[in-house]
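Report on the structure given below.
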Amino acid sequence: MYGNLAYQGYASRDRTATLFGQTMGLVALTAAFFALGAYAGRNLSQGAVIVSWIAAFVVLMIMNFTARRSPVAATVLLIVFGVLMGVASAPTLLWYATTDPQILWQAGGATALFMAVFGSIGYLTRRDLSMIVRISFFALIALLIFGIVLIFVHIPHASLIYAILGLVIFAGLTMGDFQRLRRSQGLDSAPLIAASIFLDVLNVFWFFLRIFSGSRDD
């Protein structure tokens with residue numbers, strides 16, 4: 001009996017380790033295709049960029065329905081999603097690359113450190129983070145509304161405030177995603193978790209770009 005329990009414990013740990021490796025591999029793969037998409041889309045029109053944004057989120061929605069039925073199809077959709085997000089982000093990345101590329105390196109380094117810290121906390125903690133994730137989700141909706149308000153209302157240092165609030169929110173979401181990664185048992189969940197973590201990385205990167213470009217302007 002105890003041998004069976006020990007075996008199940010090892011099997012569970014092996015499955016968790018396999019899921020972690022597979023998920024992080026998919027995150028890296030998505031990032032690589034994001035870079036390819038950004039390079040391919042550097043000379044596209046603004047209209048093509050808008051279409052890419054819309055198409056990316058349509059693909060993400062389709063992934064939610066196909067992930068359980070076909071992990072292979074979900075992985076292909078994840079790659080397509082990465083390419084489309086790269087194309088959609090190309091003009092912004094190109095602007096920073098031509099005006100002050102050092103900001104890109106700073107934001108990239110800060111993003112890596114952010115993900116390492118909060119990802120480790122979420123993965124290793126025993127405390128249930130579902131409440132933090134729920135609060136972070138509603139806070140994200142409030143932040144989006146705040147962003148719309150900023151289009152019409154001028155607030156001093158609004159961009160910096162927006163970015164800091166965004167980092168606080170995504171600290172909670174990142175911890176939640178990595179805890180979900182540790183607790184998940186099905187390997188077929190890897191593409192969806194990878195997509196969620198990739199979006200965490202991308203949003204944190206954009207927030208750090210705001211912060212570093214704002215400090216440079218000051």
Side-chain angles (χ1 to χ4, degrees), residues 15-97 104-105 107-112 114-116 118-119 122-123 133 137 140 166 170 173-209:
R15 188 161 51 246
T16 300
T18 301
L19 177 61
F20 180 86
Q22 184 175 342
T23 301
M24 298 315 293
L26 288 175
V27 172
L29 182 66
T30 308
F33 277 94
F34 172 86
L36 288 175
Y39 180 79
R42 64 193 187 280
N43 294 320
L44 292 180
S45 66
Q46 189 65 31
V49 169
I50 295 174
V51 171
S52 297
W53 276 114
I54 297 172
F57 284 99
V58 170
V59 169
L60 189 62
M61 294 300 295
I62 296 174
M63 272 187 63
N64 282 279
F65 295 100
T66 60
R68 298 295 181 183
R69 299 178 181 177
S70 176
V72 174
T75 300
V76 173
L77 290 171
L78 180 63
I79 292 173
V80 174
F81 173 72
V83 172
L84 290 171
M85 290 299 292
V87 172
S89 305
T92 303
L93 295 175
L94 180 62
W95 185 84
Y96 280 107
L104 291 175
W105 294 109
T111 300
F114 181 98
M115 295 302 297
F118 291 102
Y123 193 82
V133 173
F137 175 76
L140 179 60
F170 273 92
L173 293 174
T174 298
M175 290 189 294
D177 283 333
F178 274 87
Q179 184 171 82
R180 181 160 62 104
L181 174 58
R182 181 174 63 84
R183 292 183 172 182
S184 181
Q185 297 296 321
L187 296 178
D188 56 352
S189 62
L192 280 180
I193 300 177
S196 186
I197 292 176
F198 175 75
L199 284 174
D200 293 338
V201 173
L202 190 58
N203 279 283
V204 169
F205 177 73
W206 292 132
F207 289 132
F208 275 121
L209 274 181

Atom pair CG (Leu44) and CD (Gln46), whose distance is rounded to the nearest 0.5 Å: 10.5 Å

Straight-line distance of Arg183 CZ to Leu19 CG, nearest 0.5 Å: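 Rounded to the nearest 0.5 Å, the CZ-CG separation comes to 14.0 Å.
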
Side-chain heavy-atom pair [X], [Y] within 4.5 angstrom cut-off:
| X | Y | result |
| --- | --- | --- |
| Thr92 | Trp95 | no |
| Phe20 | Thr23 | no |
| Leu84 | Phe33 | no |
| Leu202 | Thr111 | no |

Under 3.5 Å donor-acceptor pairs involving side-chain atoms of residues 52-67, not counting sequence neighbours:
unit_1 : atom_1 : unit_2 : atom_2 : d
Ser52  : OG     : Ala48  : O      : 2.9
Trp53  : NE1    : Ala88  : O      : 3.4
Asn64  : ND2    : Leu60  : O      : 2.8
Thr66  : OG1    : Ile62  : O      : 3.3
Thr66  : OG1    : Met63  : O      : 3.4

For residues 72-80, tabulate all N or O donor-acceptor pairs below 3.5 Å that involve a side-chain atom, not counting sequence neighbours.
unit_1 : atom_1 : unit_2 : atom_2 : d
Thr75  : OG1    : Pro71  : O      : 2.8

Side-chain (Arg182) to main-chain (Gln179) donor-acceptor, under 3.5 angstrom: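 No, Arg182 side chain to Gln179 backbone: no donor-acceptor pair under 3.5 Å.
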
[X]: partners by ring pair (Phe, Tyr, Trp, His ring centres under 6.0 Å), with sequence neighbours left out:
| X | value |
| --- | --- |
| Tyr96 | none |
| Phe118 | Phe114 |
| Phe170 | Phe207 |

Nearest non-hydrogen partners of Ala107 and Leu209, listed with the distance: CB-CD2, 3.8 Å

Scan the side chains in residues 190-201 for donor-acceptor partners under 3.5 Å anywhere in the protein, sequence neighbours excluded, and list what turns up.
unit_1 : atom_1 : unit_2 : atom_2 : d
Ser196 : OG     : Asp177 : OD1    : 3.0
Ser196 : OG     : Asp177 : OD2    : 2.8

Listed partners of Ala110 passing side chain to side chain contact (heavy atoms under 4.5 Å, CB included), at least two apart: Phe208, Phe212

